[in-house]
Amino acid sequence: MKKTLITAVSALLISAGGANAATFAHADQNADAQSSYAHVQHNSNYGQQVNQDITGLEEYASVASVIDPTSFTTRVTEDNVSNRVILFSDNYGRTQYKSVFVKKTGLLKVINLKGGGVVLETTVKADAPQKPEVKPEQPGSAISVLPEYKTLASAVDLTALTPVIVSDNYNNRTILLKDANGQGQYKSVFVKKTGLLKVINLKGQGVVIETVVKEDAATPAPEAKPEQPASTISSLPEYNTLAAHVDLSTLTPVVVSDNYNNRTILLKDANGREQFKSIYVKRTNMLKIINLKGGQIFYGAAQ
């Protein structure tokens with residue numbers, strides 16, 4: 001009788017333990033399921049990227065000269081007193097490019113994260129950050145009165161494009177040229193003080209044309225100094241580098257602009273036609289030499 005009682009009690013304890021184990025196992029499964037769901041939700045939320053407006057940033061124009069920011073989701077991941085980092089992701093959330101802008105020096109790097117390396121390394125002139133004034137889209141005829149129009153039309157077929165003036169202030173004017181689908185194809189940047197015009201293909205071909213637009217008679221031209229032999233500019237800090245890339249013996253230099261920030265020199269041939277242009281930035285000692293018949297031939301520190 002005693003043995004039978006002990007056996008019954010043991011069976012009861014085993015049954016209760018199994019039920020508790022099943023209960024704890026079920027609770028653990030629920031916890032795991034909830035944790036997994038939360039993880040999926042977290043990843044899903046992470047994938048919903050916020051597209052930030054970067055058009056007002058100092059480095060935007062330079063970045064847009066090598067990639068089309070409108071084709072990517074842009075996200076500023078770092079922005080402090082020293083530098084700013086922007087990531088450019090495709091429609092699947094994959095980061096394709098990264099820009100790093102050093103605020104103190106103006107140094108900008110644009111990096112292709114899919115194996116292309118650095119696609120742009122340049123110095124950006126630090127202006128006060130401001131969001132460009134966006135004006136309504138308008139037909140090409142609406143910009144025909146602008147001084148840069150003829151030069152722009154000679155470099156780009158405007159008949160199939162809609163111009164949008166995205167910035168027009170005291171210093172410069174930026175025009176975005178969109179196709180029938182509203183995609184930006186070209187961009188022009190016109191510097192009013194110097195008349196410099198740069199037209200950029202936003203689909204990977206880079207600068208299409210970079211030249212000085214001749215002012216109309218009614219518009220005051222930049223102060224020009226008399227034409228002078230090359231020897232008169234030999235004392236300038238950029239002279240040696242300029243002479244190393246251009247044969248100055250057959251050209252006449254004309255200093256068309258010389259102010260606190262930079263100096264611009266036009267080099268003319270015997271017929272008075274402009275062949276080369278140099279732009280020297282005094283603060284950074286950077287020199288750009290442009291062949292007006294074929295594009296930029298040098299950009300770097302003056303030696």
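Note that the structure is predicted; figures quoted are calculated from it, not measured.
Put simply, the side chain of Q52 gets close to the backbone of V76: a donor and an acceptor are under 3.5 Å apart. With hydrogens and angles disregarded, a donor-acceptor distance shorter than 3.5 Å links the side chain of D157 to the backbone of T159. Side chain of D269 to main chain of L251: no donor-acceptor pair is present (N/O by atom type, distance under 3.5 Å, no hydrogens or angles). Looking only at distances, no side-chain donor or acceptor of T122 sits under 3.5 Å from a matching main-chain atom of L108. Using modelled atom types, no side-chain atom of N285 and backbone atom of A301 make a donor-acceptor pair closer than 3.5 Å. Put simply, the side chain of T241 gets close to the backbone of Q303: a donor and an acceptor are under 3.5 Å apart.
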Go through the steps to decide whether K187 and V166 satisfy the test side chain to side chain contact (heavy atoms under 4.5 Å, CB included), and finish with yes or no. CA-CA 10 Å; K187 180 180 69 172; V166 296; 6.0 Å; no
Please determine whether side chain to side chain contact (heavy atoms under 4.5 Å, CB included) holds for the pair Q275 and V246, giving the CA-CA distance in whole Å, both sets of side-chain angles, and the decisive distance to 0.1 Å. CA-CA 10 Å; Q275 301 295 325; V246 178; over 6 Å; no
I would like to know whether L196 and K277 meet side chain to side chain contact (heavy atoms under 4.5 Å, CB included); could you show each step before the answer? CA-CA 11 Å; L196 177 67; K277 179 179 71 173; 2.7 Å; yes
Show the numbers, then the answer: is there a side chain to side chain contact (heavy atoms under 4.5 Å, CB included) between N112 and Y97? CA-CA 5 Å; N112 184 330; Y97 293 90; 3.7 Å; yes
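Looking at L158, L202, V164, T162 one by one, the single match for side chain to side chain contact (heavy atoms under 4.5 Å, CB included) with L177 turns out to be L158. Exactly one of N259, N261, N262, D258 qualifies for a side-chain hydrogen bond (donor to acceptor under 3.5 Å, both in side chains) with K282. That residue is D258. Partner of L266 under the side chain to side chain contact (heavy atoms under 4.5 Å, CB included) criterion, chosen from L292, V255, T252: L292.
Using a 4.5 Å heavy-atom cutoff, the side chains of L57 and I86 are in contact. Within the 4.5 Å cutoff, the side chain of T74 has heavy atoms near those of the N51 side chain.
Between H245 and F298, the angle of the ring planes lies from 30° to 60°, which puts this pair in the tilted group.
For K203, the NZ atom sits in a packed shell: over 12 heavy atoms of surrounding residues, nucleotides or ligands are nearer than 6.0 Å.
When all heavy atoms are compared, the tightest approach of P69 to F88 is CB-CE2, 4.2 Å.
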